[in-house]
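What follows is one structure encoded as structure tokens, with my remarks underneath.
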Amino acid sequence: MRRTGPTARGLGASLALAWVQVAGLGCMPQPRPALPRVEHARIGTRLVLALAQREAVHPSYVLAGFALDTLELTWQLPRRFVEEPAAVDETNHVLWVVRELMLHQGGVRTPGFQLIGLGPERELPAPYEFGRELCPGRPRVVLDGRAVVALAPGGALRLFEPGTGRVLIGSAPALEAAQCGDLELVEHGSQLTLRPLRGATLLPTLHAVATVDLDQALRSGALELRGARPALHLEGPENALDILALSPDARWLASRITGTGLPHLVISDVATGRRAASHQLLPGAEVVFTDARTVLVATHGGVQVIELAHGESRVVPVGDDCCQRLIPVLGGQLWWARGATGGTVFDPRTGRSRALQGHTSPIEVAGALWALEGIPSCTPGTQLLHRISADLALDTAVVPGVVTRILGATADRLLLIAECQHTLELASYAPATSTWLHRPIPVGRLGMLATDD
């Protein structure tokens with residue numbers, strides 16, 4: 001409550017108390033403002049980072065390019081407030097942003113999106129708008145920013161070029177009875193699977209799924225969806241069916257059945273409905289096909305390998321932390337089973353595996369995997385850098401200085417970053433010479449913080 005007419009004694013006491021509080025604050029260490037964080041990285045002729053600062057309602061981004069050999073800042077774009085970076089054109093210094101919106105077409109409001117290019121001249125030519133025959137929801141950037149994919153009714157796909165907004169490839173409806181909201185897109189590497197929304201009971205008229213290899217489609221200029229036959233129709237309580245995965249040749253369908261008792265996994269021949277395998281399924285278990293005849297299923301403490309050709313099943317032990325994701329590496333020769341606090345690289349053919357502690361996934365460089373091991377911390381010497389070959393042989397180096405994650409790699413070096421409370425630093429490692437280079441990111445020069453950089 002505001003007071004009026006204070007006495008001289010009361011005013012003097014208030015001023016004295018305020019002076020003590022201000023003096024005390026001056027002696028106390030003040031918290032330093034949070035440093036920006038890297039939310040998008042692209043490696044081409046240089047390393048390009050989209051650094052985000054989330055102090056406002058909408059995050060602001062600065063796009064910055066760094067030389068690969070020296071890690072020196074070579075160019076930057078002014079600070080911008082955008083929703084989310086989508087792709088980077090590092091040749092022309094452009095940050096492409098995907099933004100959802102409602103478009104008016106013939107007096108009717110329809111969902112769509114914009115591709116907005118942010119460059120040195122504030123904004124490039126008018127944003128590219130897309131709305132006709134597209135489903136609502138944010139389009140996704142695929143293949144490391146080379147394309148943007150959007151879904152249309154009936155399961156049709158549209159691939160857009162981020163730099164121009166041009167439709168690269170379009171497909172006809174793949175699932176004739178499907179409507180917007182019935183389907184979801186699931187990525188595994190360059191393979192995109194179109195399937196009914198997880199958790200939805202399949203309708204009798206809804207076809208099962210379709211798959212496409214996006215990388216191959218861009219190379220050939222044709223988006224060919226491989227569609228399955230109509231989904232299996234099961235009578236009685238077993239009709240609560242979720243599609244989990246489809247084999248690359250669209251022959252085998254892995255489904256979760258939850259009609260009675262414990263959920264279980266059923267793998268069926270799409271053409272005939274014949275069941276090739278049936279196993280108990282843990283809640284939230286991930287199921288993937290490694291090839292046309294082999295299925296991996298996440299279980300407590302291991303990964304179940306099901307061989308459809310022989311009806312065999314075995315479990316590869318990968319620890320008690322399995323598995324948030326099953327990710328193919330080295331062309332599917334090995335797999336990365338990622339858990340909450342670490343993961344395991346394993347070979348489904350031999351059952352051999354190698355566990356790693358840490359929160360970052362391995363990346364592929366020159367026919368081998370590279371991974372950081374250790375709890376991410378900002379204490380020098382606490383991280384190990386591993387090189388894992390296709391036969392699971394291991395070479396290890398202690399990281400000098402501090403790094404917290406791997407950003408990517410070129411043919412001859414790894415690029416890493418240290419994101420600590422008061423440290424934002426780039427690092428590179430050249431395996432041929434075992435040479436490390438560390439360099440702070442000059443956030444002051446980027447206009448993101450008032451620092452002495």
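Nothing fancy with the numbering, it's 1 onward along the sequence.
- Partners of Gln304 by side chain to side chain donor-acceptor pair (under 3.5 Å), not counting sequence neighbours, listed by chain and number: His279, Ser313.
- Among pairs with a residue in residues 397-418, those fulfilling salt bridge (charged side-chain N to carboxylate O under 4.0 Å, His left out) read Arg405-Glu419, at least two apart in sequence or across chains.
- Annotation: salt bridge (charged side-chain N to carboxylate O under 4.0 Å, His left out) contacts involving residues 379-404, sequence neighbours excluded, are absent.
- Judged as a salt bridge (charged side-chain N to carboxylate O under 4.0 Å, His left out), and not counting sequence neighbours, the contacts of Asp347 are Arg349.
- For Ala292, the side chain to side chain contact (heavy atoms under 4.5 Å, CB included) partners are Asp249, not counting sequence neighbours.
- Not a single side chain to side chain donor-acceptor pair (under 3.5 Å) links Trp370 to another residue, sequence neighbours left out.
- Under the salt bridge (charged side-chain N to carboxylate O under 4.0 Å, His left out) criterion, Glu224 pairs with no residue, sequence neighbours left out.
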Task: Residues Glu72, Arg439; criterion salt bridge (Lys or Arg N to Asp or Glu O under 4.0 Å); working and verdict - done: CA-CA 8 Å; Glu72 292 281 1; Arg439 194 171 301 280; 3.2 Å; yes
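- Legend: residues meeting side chain to side chain donor-acceptor pair (under 3.5 Å) with Thr344, ordered by chain and number and at least two apart, are absent.
- Scanning for side chain to side chain contact (heavy atoms under 4.5 Å, CB included) contacts around Ala172 gives an empty result, with sequence neighbours left out.
- With sequence neighbours excluded, the residues forming a side chain to side chain donor-acceptor pair (under 3.5 Å) with Asp291 are Thr294, listed by chain and number.
- For Phe160, the ring-ring contact (aromatic ring centres under 6.0 Å, His included) partners at least two apart in sequence or on another chain are Phe113, Phe130.
- By the salt bridge (charged side-chain N to carboxylate O under 4.0 Å, His left out) test, Arg140 is found to be paired with Glu187, residues two or more places apart in sequence or in another chain being considered.
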